[in-house]
Amino acid sequence: MKKFVNDPKQYVPEMLEGIALANPDTLKYVPAYNLIMRADAPNQNKVSIVQGSGSGHEPAHVMVVGKGMLDAACPGDVFAAPPMDYVYETAKLLKSDKGVLLLVNNYTGDRMAFDMGKEMAEAEGIRAEILTVNDDVAVQDSTYTVGRRGVAGNFFVIKAVGAASEQGADMDELLRIGNKVNDVTRTMGVALTACTPPAKGSTLFELGADEMEFGVGIHGEPGRERRQLKAADDIADDMLDAVVTDLPYNSGDRVALMINGLGGTPVSELYILYRRAHQRLADRGITVGRSYVNEYCTSLDMAGASLTLVRLDDEIEGLLTAPAEAAIRVF
Amino acid sequence: MKKFVNDPKQYVPEMLEGIALANPDTLKYVPAYNLIMRADAPNQNKVSIVQGSGSGHEPAHVMVVGKGMLDAACPGDVFAAPPMDYVYETAKLLKSDKGVLLLVNNYTGDRMAFDMGKEMAEAEGIRAEILTVNDDVAVQDSTYTVGRRGVAGNFFVIKAVGAASEQGADMDELLRIGNKVNDVTRTMGVALTACTPPAKGSTLFELGADEMEFGVGIHGEPGRERRQLKAADDIADDMLDAVVTDLPYNSGDRVALMINGLGGTPVSELYILYRRAHQRLADRGITVGRSYVNEYCTSLDMAGASLTLVRLDDEIEGLLTAPAEAAIRVF
Amino acid sequence: MNAVAQTEFVVRSIADTAIENEKYFGDLDSVVGDGDFGYSLARGFEKLLEGWDGIDRSDAGTFLKRCGMVISSRIGGTSGPIWGTAFLRAGTACGDAAELSGEQVVAMLRAAIDGIKARGQSDVGDKTLLDALVPMTDRLEQEVKAGAGAEDAIRAMAGAAREAADATSSMVAKRGRAAYTGERSRGSVDAGAMAVAVITERISETWQKQGAAS
Amino acid sequence: MNAVAQTEFVVRSIADTAIENEKYFGDLDSVVGDGDFGYSLARGFEKLLEGWDGIDRSDAGTFLKRCGMVISSRIGGTSGPIWGTAFLRAGTACGDAAELSGEQVVAMLRAAIDGIKARGQSDVGDKTLLDALVPMTDRLEQEVKAGAGAEDAIRAMAGAAREAADATSSMVAKRGRAAYTGERSRGSVDAGAMAVAVITERISETWQKQGAAS
Ligand SMILES: Nc1ncnc2c1ncn2[C@@H]1O[C@H](COP(=O)(O)OP(=O)(O)O)[C@@H](O)[C@H]1O
Ligand SMILES: Nc1ncnc2c1ncn2[C@@H]1O[C@H](COP(=O)(O)OP(=O)(O)O)[C@@H](O)[C@H]1O
Ligand SMILES: [Mg+2]
Ligand SMILES: [Mg+2]
Ligand SMILES: [Mg+2]
Ligand SMILES: [Mg+2]
């Protein structure tokens with residue numbers, strides 16, 4: 001296993017400790033619940049925004065805790081939803097007069113943990129609401145599943161409700177905004193390699209030298225189908241077609257375009273995909289109002305990328321461009 | 001080759017085109033010279049800061065062009081210094097009354113291209129100066145080489161002279177500052193896998209499942225020696241020992257600590273290294289004044305990391321924390 | 001053995017099996033899942049064992065419910081809530097019975113199954129652990145009705161669980177992460193179902209030894 | 001052939017060889033270098049050939065100098081400046097000679113070598129292309145002094161280049177990127193030296209054919 005790891009069981013706690021050491025003034029780490037929270041949270045004049053999910057998606061979500069983003073993140077182990085306990089204790093620690101908004105990616109495990117954690121928190125008089133994100137167009141047949149997965153589009157919901165909550169929006173307003181953003185957000189992902197969970201020590205699946213997985217989620221699981229590896233432009237076209245036709249996004253639309261790296265793909269390649277997607281959107285009469293090319297929501301060290309579109313209007317664009325702070329140092 | 005690539009010969013131009021499309025308001029792309037420059041450059045009241053180097057190190061350096069950082073970057077092909085022509089033409093386009101400062105990582109090819117390009121620019125009446133970065137402690141015996149390599153520490157020189165030039169510093173002042181930062185900056189890198197240059201289509205070298213390269217540079221070349229893979233903490237200790245004892249950094253020092261990912265390593269692992277390094281510095285009485293955990297200077301998709309220390313004083317810390325803008329979107 | 005000792009023995013067997021089979025269960029979940037099933041179960045049951053001696057043993061039902069609370073609150077992923085609910089419901093069905101009859105065990109398993117169905121919004125045929133749990137409970141019920149002894153009934157139940165777990169290989173997953181791969185989930189067994197089979201086999205084996213010893 | 005035709009033929013052979021051997025030269029540079037040598041040379045000489053017909057051919061010296069300018073300005077990496085300087089210096093040494101004597105070719109090669117040494121701050125023994133260029137020039141000089149014909153002299157020179165390039169395998173790199181690996185650079189040939197050998201062999205071969213034809 002080509003990883004910087006000590007005891008795999010300490011992978012998540014040691015990472016979280018590192019984050020806390022690197023951000024002593026702004027973040028607080030509560031080891032008992034894998035909890036990373038803003039040092040100044042909870043703020044009674046602001047809805048607390050909390051995201052839970054499995055680990056292995058960094059920088060999501062523990063590294064986007066900060067002003068204008070999340071008030072806290074309580075991850076589970078690698079690719080495992082947090083135990084209900086973490087959710088419950090997090091809600092208690094983040095308790096605010098204006099309520100606690102729990103952002104949940106739509107997976108069975110996450111939903112169960114949050115439903116149960118929310119119930120327990122409510123029993124103690126905490127107002128908590130759940131907002132579910134499900135942007136993944138790779139999941140087509142929702143009768144066979146719990147519905148579409150929440151993947152990288154999650155970032156936009158966090159950013160929008162994070163900004164709005166900072167501006168004083170109440171719970172109902174945040175639910176409206178979060179659902180609105182989720183409704184106009186669509187993502188499609190592709191993997192060129194499988195990832196290696198530290199506790200497993202080997203790749204989750206095998207991919208031939210000329211194969212890729214089309215329609216992957218963010219948990220290292222295989223995708224919708226295995227395909228022949230193609231040129232970057234062709235892959236970008238396939239991802240874009242799947243996304244554009246789904247909402248659909250139409251000529252005249254203004255969008256945010258995200259090319260998200262899955263962990264093992266260098267940013268240079270992401271820009272090659274971005275170039276094509278931007279050009280093809282222009283061909284369709286769709287304007288990119290804001291671009292995102294980076295790692296936002298990864299699958300450990302998986303080589304691959306996802307493409308997300310968000311249909312913008314003035315409200316959403318204003319929230320996306322509002323100031324924010326995150327524990328990711330660019331300069 | 002598990003990469004998003006079309007024609008490998010177009011790898012760099014297509015990436016640069018992507019960067020330009022994603023940043024239409026702030027950046028300008030000049031295809032003839034692989035040039036990415038600030039849309040508002042040159043500014044005659046400011047020294048123009050230019051970095052050249054090979055490609056494959058992204059986000060260095062084309063993605064750190066922006067206010068308070070670089071005015072321009074002219075990369076060569078993957079791992080190849082830019083041709084002299086690019087340097088010369090870049091200097092002409094960035095010509096400022098206050099001069100053009102050329103930042104060069106210390107490699108034979110880069111130095112030759114910049115020496116020649118500078119001479120040609122000077123012949124046309126452009127004031128140009130070269131500032132060489134050489135922070136890599138892995139290169140020990142400088143009689144056998146052109147001296148130490150410039151690696152991730154380069155970032156700090158860019159940030160410092162970028163900030164100072166924005167504040168109006170003249171060329172002599174920038175040379176003083178740049179050399180001062182370079183003098184207190186040291187880096188050590190380790191690779192867990194070899195990288196795959198797109199034009200080669202296969203890894204540059206082979207590493208066994210339990211091997212790592214200790215003392216790598218940023219061009220995918222092998223390192224100082226091949227070692228057995230160890231636990232993350234042990235690797236962090238080895239890197240730190242090599243760096244701390246070199247300047248040396250002493251008890252009572254205040255430092256910036258950077259854990260830089262080499263491209264294929266997820267940020268979660270970088271924080272595991274950061275945690276240990278931070279703790280071990282504390283044991284030595286050295287305080288981390290500012291932390292950097294991210295990808296700053298990569299080797300394509302190489303799994304690995306480097307550790308950089310910068311000894312801080314008020315002047316350097318002020319420059320490092322000064323506002324800046326870069327084409328890397330965190331939120 | 002009284003009811004508390006029996007449930008203690010069964011829970012302990014489940015925990016030991018989960019911990020010992022961490023890698024195997026994880027590998028099963030890797031085929032069309034995300035590979036964390038073995039890890040989640042093992043870490044969770046380790047935590048249960050850490051506080052083992054302090055768990056309230058006033059009666060078998062209480063003991064099971066306390067275990068269920070630890071499991072659902074401390075195990076991550078889908079398995080925490082699913083398994084925790086199963087233990088809670090089984091405990092409720094058990095109550096303060098002093099001795100456990102075969103009928104009572106069947107009732108407890110049925111309660112656990114109903115809990116899982118409700119919690120997971122899933123049913124037989126979805127390629128989950130239910131596809132081992134339900135057939136094995138059916139078989140146990142048959143044996144009990146036919147008047148079989150505990151040892152024989154458990155052995156038969158374990159055989160049914162193994163057979164049913166193997167049979168999940170031909171199914172398409174309709175719940176859980178494996179469901180996202182659709183038709184591709186065919187051809188490999190469900191990790192949760194196989195875990196149920198391996199655990200039941202273990203209980204059957206150790207029950208024989210234990211029975212012989214006590 | 002007059003001097004212009006001769007230099008044109010030689011430069012063309014160099015370009016063709018560099019382009020055809022892109023992968024081989026790159027692989028050689030991968031062992032202890034960064035693998036870009038083949039790519040840099042190939043792309044650079046492709047650019048030279050793109051503007052091939054328009055290059056000033058007033059005399060052989062001018063032609064070589066113009067080529068040198070294209071090479072040093074358009075090839076990246078260490079090779080651009082190194083090879084460009086070699087062409088520039090050879091062109092200067094050649095001047096407007098109408099015919100090239102063996103002595104003149106030796107003088108041109110010596111000038112190229114001096115240029116590389118100055119530009120690269122390197123010398124024989126550093127495990128660079130100089131370790132093929134210098135021995136082959138020495139050999140050419142011997143042949144010319146001994147009165148050998150062009151064809152034989154070139155064949156002997158190519159043999160010397162190959163032998164010297166092979167011999168770089170036992171050397172430790174003291175210049176270029178390979179030098180960072182220190183002792184580990186022993187055991188593989190230098191990419192630049194081998195490129196010189198392959199190119200010279202090609203010139204020798206085609207010279208024979210060309211000579212036979214003209
Ligand atoms: N909705 C469900 N209802 C019942 N059992 C389920 C459900 N979803 C998954 N399972 C069971 O859980 C197992 C996977 O558990 P785990 O790896 O913890 O879940 P995940 O990683 O998908 O959150 C599956 O093999 C299946 O037996
Ligand atoms: N200082 C030098 N002087 C002369 N030749 C050199 C020098 N450094 C490198 N070379 C030659 O250049 C070759 C590598 O070229 P190239 O790959 O373009 O350089 P790099 O990638 O190191 O910038 C080496 O094999 C060697 O023959
Ligand atoms: Mg999981
Ligand atoms: Mg190079
Ligand atoms: Mg799983
Ligand atoms: Mg090279």
Q: Answer whether the closest heavy-atom distance between the side chains of A:E269 and B:Y11 falls below 4.5 Å.
A: yes
Q) Taking every heavy-atom pair that is under 4.5 Å apart, which of A:M258, A:K159, A:E17, A:Q279 has the most such pairs with chain B? A) A:E17
Q: Tell me, out of A:L300, A:I259, A:T321, A:D234, who's got the most heavy-atom pairs with chain B below 4.5 Å.
A: A:L300
(Q) Given heavy-atom pairs under 4.5 angstrom as the criterion, report whether the side chain, backbone, both or neither of B:I235 touches chain A. (A) side chain
Q: Side chain from CB out, backbone as N, CA, C, O: work out which of these in A:P24 comes under 4.5 Å of a heavy atom of chain B, or both, or neither.
A: neither
Q: For each of A:E58, A:R290, A:H57, tally heavy-atom pairs with chain B at distances under 4.5 Å, and name the one with the top tally.
A: A:R290
Q. Considering only heavy atoms, which portion of A:I19 lies under 4.5 Å from any heavy atom of chain B: side chain, backbone, both, or neither?
A. both
Q: Let me know if B:A305 has heavy atoms under 4.5 Å from chain A in its side chain, its backbone, both or neither.
A: both
**Q.** Which portion of A:T298 sits near chain B, non-hydrogen atoms under 4.5 angstrom
**A.** neither
(Q) Can you tell me which of B:D233, B:V288, B:L257, B:I328 forms the most heavy-atom pairs within a distance under 4.5 Å of chain A? (A) B:D233
Q: Examine distances only and state if a side-chain atom of B:K3 and a backbone atom of A:T265 form a donor-acceptor pair shorter than 3.5 Å.
A: no
Q.
If you count heavy-atom pairs within less than 4.5 Å of chain B, which of A:P323, A:G68, A:S55, A:G304 leads?
A. A:G304
Q.
Less than 4.5 Å to any heavy atom of chain B: does that hold for the side chain of A:M212, its backbone, both, or neither?
A. neither
**Q.** From B:L270 atom CG to A:M15 atom CE, the distance as rounded to the nearest 0.5 Å
**A.** 11.5 Å
Q.
Minimum heavy-atom separation for B:D301 and A:P266, please, with both atom names.
A. CB-CD, 3.9 Å
Q | Contact class of B:M1 relative to chain A, heavy atoms under 4.5 angstrom | A | backbone
Q.
Is it the case that the side chain of A:N294 and the backbone of B:V330 share a donor-acceptor pair, with hydrogens and angles ignored and the cut-off at 3.5 Å?
A. no
Q | Side chain proximity check, B:S291 to A:R329, heavy atoms < 4.5 angstrom | A | yes
(Q) So which residue, B:T193, B:L273, B:V293, ends up with the most heavy-atom pairs under 4.5 Å with chain A? (A) B:L273
Q: Give the minimum heavy-atom separation between A:L192 and B:K2, together with the two atoms involved.
A: O-NZ, 2.6 Å
Q) Counting heavy-atom pairs under 4.5 Å to chain A, which of B:A209, B:G162, B:A322, B:A236 comes out on top? A) B:A209
Q: Go through the atoms of B:A324 and report whether side chain, backbone, both or neither lie under 4.5 Å from a heavy atom of chain A.
A: both
Q: Could you look at B:P13 and say if it's the side chain, the backbone, both or neither that has a heavy atom under 4.5 Å from chain A?
A: neither
**Q.** Region of B:Q10 in contact with chain A, defined by heavy-atom distances below 4.5 Å
**A.** neither
Q.
Please classify the contact of B:F331 with chain A as side chain, backbone, both or neither, using a heavy-atom distance under 4.5 Å.
A. both
Q. Quick one: of A:M302, A:M63, A:K230, A:M69, who has the most non-hydrogen atom pairs under 4.5 Å with chain B?
A. A:M63
Q | Choice from A:C195, A:A22, A:A231 maximising heavy atom contacts with chain B below 4.5 Å | A | A:A22
Q | N/O donor-acceptor pair under 3.5 Å between B:N6 side chain and A:A232 backbone | A | yes
Q: Under 4.5 Å heavy-atom distance to chain B, tell me which part of A:F156 shows up: side chain, backbone, both or neither.
A: neither
Q: Go through the atoms of B:L207 and report whether side chain, backbone, both or neither lie under 4.5 Å from a heavy atom of chain A.
A: both
